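For ligands, and for the atoms within them, numbers begin at 1 and follow the listed sequence. These numbers come from the heavy atoms of this one structure, side chains and all, not from hydrogens, waters or symmetry mates. Since this is a predicted model, take the numbers as computed values, not measurements.
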Amino acid sequence: MSKALELLVSELATGQLEVVDLTFTLREDSPIIVLPPEFGESAPVRIERISRYDAAGPAWYWNNLSFGEHTGTHFDAPVHWFTGRDLPLNTVDTLPVGRMVAPANVIDCSAESAADPDFLLTRAHVEAWEARHGRIAPGTWVLLRTDWSKRTGLDYANLGDDGAHTPGPDAEVMEWLVAERDILGFGTETIGTDAGQGGHFIPPYPAHHFLHGGGRYGLQCLCGLDQLPAKGAVLMTAPLKIHEGSGSPLRVLALVPRAV
Ligand code: MN
């Protein structure tokens, strides 16, 4: 075994490295995005029992599943958006597996998001974060911590008559993170990588527009970001290998160093 892997195994065993789950349980009431009525909608999650030690299967328990690709804690591939439709390796079944293990930068905007559900992350916020924690390295994730995952029921989607009111990035910071920081992707605790009102931005849904147009990825409905350091965690993000899939629910795990 290589020295790096020996150290990994040993630090996991001693608790110097902890595995933190950033995933919501996928369940029939998992929140899904609601689009204006003229558009197609994602189906809700369905978990249908085939058998559970009964006449349909006396010794075994199993279920049939159905869900939209963009359900629960999930991954967005570049082909999800029109800006990424012609890129190579843009579907979940073709994206390079080497990119499924990468460091995370966590920007804590929980206080700002508690004060304002329409809080927008700007380039100035990220530059202030970099002044404290160092420059965001190429090929790494940027995760927007809002503590939104602690909300329950109707407060999570936070729908008004004029759409959702949830925090997210503005257009300038997304274009800049892709072009000037060469990030791997952007992750949020809310239903989308974009702010709830992101459809009114220029361009509409700028996180989707710039991330996927640049061949980058999205993570949504993350939880547990309050357990991560600003820098120093490594994410494992392997979406299901769906043929020509635009995204998928997945288990997001973080390797986190702990002082023991
Ligand atoms: Mn999505």
Exercise. Establish, yes or no, whether a centroid distance under 6.0 Å links the rings of F82 and H209.
Key: yes
Quiz item: Which of parallel (below 30°), tilted (30 to 60°) and perpendicular (above 60°) describes H208 and W81?
Solution: tilted
Quiz item: Can any side-chain N or O of T23 pair as donor or acceptor with the backbone N or O of V252 at less than 3.5 Å?
Solution: yes
Quiz prompt | Metal check, the Mn ion (ligand 1) vs E69 N/O/S, cut-off below 2.8 Å | solution = no
Exercise. Would you mind naming the N, O or S atom of H70 nearest to the Mn ion (ligand 1)?
Key: ND1
Exercise. Say whether S113 and S110, considering side chains only, have a donor N or O and an acceptor N or O under 3.5 Å apart.
Key: no
Exercise. Classify the ring geometry between H212 and H80 as parallel (under 30°), tilted (30 to 60°) or perpendicular (over 60°).
Key: perpendicular
Quiz item: Do you know which N/O/S atom name in H74 is closest to the Mn ion (ligand 1)?
Solution: NE2
Quiz item: Hey, which N, O or S atom on D76 ends up closest to the Mn ion (ligand 1)?
Solution: OD1
Exercise. Examine all N, O or S atoms of Q220, backbone included, and report whether one is under 2.8 Å from the Mn ion (ligand 1).
Key: yes
